[in-house]
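Since we're looking at a predicted model, the values are computed, not measured.
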Amino acid sequence: MTALKHVYSGKVRELYEVSHDRLLVVATDRVSVFDVILPDPIPDKGRVLTALSTFWFDHTASIVANHVISADPTDFPEIAGDVAGRAMLVQAARPVHLECVVRGFLFGSAWKEYQRAGTINGESAPAGLHEGDRLPEPRFTPTTKAEAGHDEPLTLSEARDLVGADLHDRVRDVSIALYESGAAHAHANGLVLADTKFEFGECDGELILIDECMTPDSSRYWPAGWSGDGPPPSFDKQPVRDYMEATGWNKTPPAPSLAAEVIESTRNRYVEVYEMLTGLSFDDWYSDDDA
């Protein structure tokens with residue numbers, strides 16, 4: 001890749017400056033759990049994240065504008081190189097400092113809080129719910145957007161204080177609309193979108209969707225119609241979390257290695273969820289050979 005100014009390293013993505021108002025977002029094959037990057041990459045993960053985000057950005061453009069200019073490496077051949085299929089050329093934006101989580105089902109940290117206190121993000125919740133239950137309506141459960149360490153849950157009033165009531169209400173309403181659209185599309189294609197996370201920015205006074213969109217990294221996907229006991233099988237990185245917890249690891253760096261079968265099964269799940277949601281073959285997505 002032609003030398004560009006490196007702007008930022010996230011747990012999964014690298015950000016480069018192309019011009020004063022354009023950035024190149026490169027999704028790597030890194031995987032993180034419990035805010036720690038694991039030592040073993042998942043092959044093709046960066047390509048899946050980029051391919052699926054591109055699909056969702058296009059699918060949801062009627063709900064909210066987004067930052068994507070192009071993910072086609074022929075539109076930026078001088079910088080594509082070995083990041084073809086993993087890179088998006090995007091519009092620079094001023095980030096909104098909230099992680100905008102929407103939950104349609106009671107699971108993960110929300111379930112743990114509900115068990116402990118009967119609340120979800122500090123707000124009241126119906127009694128008698130069980131792990132994995134569908135919530136009466138999608139819940140907006142924002143968190144802080146931490147530069148390092150854990151994102152912390154925010155109550156409604158805390159989130160409004162952080163970014164202002166008007167902006168909070170805008171991202172809440174858009175996030176729920178995005179979730180409902182994504183959940184309906186997922187259901188029509190044999191999947192449940194249990195929860196997901198969005199990030200927003202502002203550009204010329206307009207709210208836009210940025211980062212990634214409804215990928216297996218930022219979402220929980222379950223098979224539709226699951227009726228077994230306990231948590232449903234996941235088409236996301238939940239099995240990686242489960243494996244790492246089972247090792248007895250203390251969730252601080254360095255993390256132990258993943259087993260080869262976990263790496264392979266995770267790669268296969270990510271590809272499968274892409275193909276189920278898009279109806280496309282992952283083999284047809286851009287690769288280094290297209291640069």
Subject >> Spacing of CG belonging to L156 relative to CG belonging to D169, to within rounding of 0.5 Å >> reply: 7.5 Å
**OP:** Starting at NE2 of H185, measure out to OG1 of T60 and round the result to the nearest 0.5 Å.
**Re:** 11.0 Å
**OP:** Tell me, with the steps shown, if D40 and V262 meet side chain to side chain contact (heavy atoms under 4.5 Å, CB included).
**Re:** CA-CA 10 Å; D40 306 289; V262 175; over 6 Å; no
Subject >> NZ/NE/NH1/NH2 to OD/OE distance under 4.0 Å, R267 and D29 >> reply: no
Original post:
Do P223 and P233 come close enough that some side-chain heavy atom pair is under 4.5 Å?
Top reply: yes
**OP:** Find out if a path of hydrophobic residues (ILVMFWY) with successive side-chain heavy-atom gaps under 4.5 Å connects Y270 to L191.
**Re:** yes
Original post:
Partners of E113 by salt bridge (charged side-chain N to carboxylate O under 4.0 Å, His left out), sequence neighbours excluded?
Top reply: none
Original post:
Quick one: does I176's side chain get under 4.5 Å of R172's, heavy atoms only?
Top reply: yes
**OP:** Rounded to the nearest 0.5 Å, what's the gap from CG on L23 to OH on Y8? Could you check?
**Re:** 13.0 Å
Subject >> Under-4.0 Å salt bridge between R139 and E137 >> reply: no
**OP:** Look up atom CG in N189 and atom CD in E275, then write down how far apart they are to the nearest 0.5 Å.
**Re:** 12.5 Å
**OP:** Verify side chain to side chain contact (heavy atoms under 4.5 Å, CB included) between V25 and D211, making sure each step is shown before the conclusion.
**Re:** CA-CA 8 Å; V25 179; D211 194 53; 5.6 Å; no
**OP:** Could you tell me whether R30 and E14 make a salt bridge, using a distance below 4.0 angstrom between a side-chain N and a carboxylate O?
**Re:** yes
Original post:
For E158, what residues pass the salt bridge (charged side-chain N to carboxylate O under 4.0 Å, His left out) criterion, not counting sequence neighbours?
Top reply: none
**OP:** Name all residues meeting the side-chain contact (heavy atoms from CB on, under 4.5 Å) criterion together with S234; count only those two or more places apart in sequence or in a different chain, and write none if there are none.
**Re:** W222, D236, Q238, P239
Subject >> K5 side-chain N/O to S19 backbone N/O, donor-acceptor pair under 3.5 Å >> reply: no
Original post:
Taking atom types as modelled, is there a side-chain donor on R86 or T50 under 3.5 Å from an acceptor on the other?
Top reply: no
Subject >> CA sep, side-chain torsions, deciding dist, call: K197, E199, side chain to side chain contact (heavy atoms under 4.5 Å, CB included) >> reply: CA-CA 7 Å; K197 172 179 68 69; E199 295 191 31; 3.5 Å; yes
Subject >> Within one Ile-Leu-Val-Met-Phe-Trp-Tyr cluster: L49 and F55, side-chain cutoff 4.5 Å >> reply: yes
**OP:** Measure the shortest side-chain to side-chain distance between V18 and L4 over non-hydrogen atoms and say whether it is less than 4.5 angstrom.
**Re:** yes
Original post:
Hey, is CZ on R22 packed in by over 12 heavy atoms from elsewhere, all under 6.0 Å?
Top reply: no
**OP:** Kindly give the heavy-atom pair with the smallest separation between A84 and S287, and that separation in Å.
**Re:** CB-O, 3.2 Å
Subject >> L178 backbone acceptor or donor facing S181 side chain under 3.5 Å >> reply: no
Original post:
Of the non-hydrogen atoms in W111 and L129, which two are nearest, and what is the gap between them?
Top reply: CZ3-O, 3.8 Å
Subject >> S70-D72 side chain donor-acceptor pair, cut-off 3.5 Å >> reply: no
Original post:
Are V12 and M244 joined in one hydrophobic group, where the rule is that I, L, V, M, F, W and Y side chains link up if heavy atoms are under 4.5 Å apart?
Top reply: no
Original post:
Crowded around N250 CG? As in, over 12 foreign heavy atoms under 6.0 Å?
Top reply: yes
Subject >> Single hit among K45, R13, K11 for side-chain hydrogen bond (donor to acceptor under 3.5 Å, both in side chains) with D217 >> reply: K45
Subject >> S257 vs P39 side-chain heavy atoms within contact, under 4.5 Å >> reply: yes
Original post:
How about H59 and S62: does a side-chain donor come under 3.5 Å of a side-chain acceptor?
Top reply: no
Subject >> Centroid-centroid under 6.0 Å between H130 and Y114 rings >> reply: no
Subject >> T266-R269 side chain donor-acceptor pair, cut-off 3.5 Å >> reply: yes
Original post:
So which heavy atom on A93 is nearest to which on I208, and how close?
Top reply: CB-CD1, 3.8 Å
Original post:
So, does R47 use its side chain to make a donor-acceptor pair with the main chain of W285 at under 3.5 Å?
Top reply: yes
**OP:** Examine V83 and I69 and state if one hydrophobic cluster contains both, with Ile, Leu, Val, Met, Phe, Trp and Tyr joined whenever side-chain heavy atoms are less than 4.5 Å apart.
**Re:** yes
Subject >> Polar side-chain atom of Q91 near backbone of D21 as donor-acceptor pair, under 3.5 Å >> reply: yes
Subject >> Atom pair CG/CZ of D44 and F282 - distance to nearest 0.5 Å >> reply: 4.5 Å
**OP:** Apply side chain to side chain contact (heavy atoms under 4.5 Å, CB included) to the pair R220 and F105, showing each step before the final yes or no.
**Re:** CA-CA 10 Å; R220 284 189 176 92; F105 292 76; over 6 Å; no
Original post:
Would you say the side-chain atoms of N66 pair up with the backbone N or O of L209, donor to acceptor, closer than 3.5 Å?
Top reply: no
**OP:** Search all heavy atoms of Y221 against all heavy atoms of S219 and return the closest pair with its distance.
**Re:** CE1-CB, 3.8 Å
Original post:
Looking at L193 and A183, what are the two nearest heavy atoms and their distance?
Top reply: CD2-N, 3.8 Å
Original post:
Any chance CD of E264 has more than 12 other-residue heavy atoms, nucleotides or ligands included, within less than 6.0 Å?
Top reply: no
Original post:
What are the two closest non-hydrogen atoms of S53 and T215, and how far apart are they?
Top reply: OG-CG2, 3.2 Å
Original post:
For the side-chain contact (heavy atoms from CB on, under 4.5 Å) test, which of V171, D173, N121 pairs with F140?
Top reply: V171
Original post:
Any Lys/Arg nitrogen of K251 or E245 sitting under 4.0 Å from an Asp/Glu carboxylate oxygen of the other?
Top reply: yes
Original post:
Does atom CG of D75 have more than 12 heavy-atom neighbours, drawn from other residues, nucleotides or ligands, at distances under 6.0 Å?
Top reply: yes
**OP:** Return the orientation label for the F200 and F198 ring planes: parallel under 30°, perpendicular over 60°, tilted otherwise.
**Re:** tilted
Subject >> Side chain proximity check, V96 to E202, heavy atoms < 4.5 angstrom >> reply: yes
Original post:
Could you give the distance from CD1 (I210) to CG (L207), rounded to the nearest 0.5 Å?
Top reply: 9.5 Å
Original post:
Shared ILVMFWY cluster between V271 and W56, side chains joined below 4.5 angstrom?
Top reply: yes
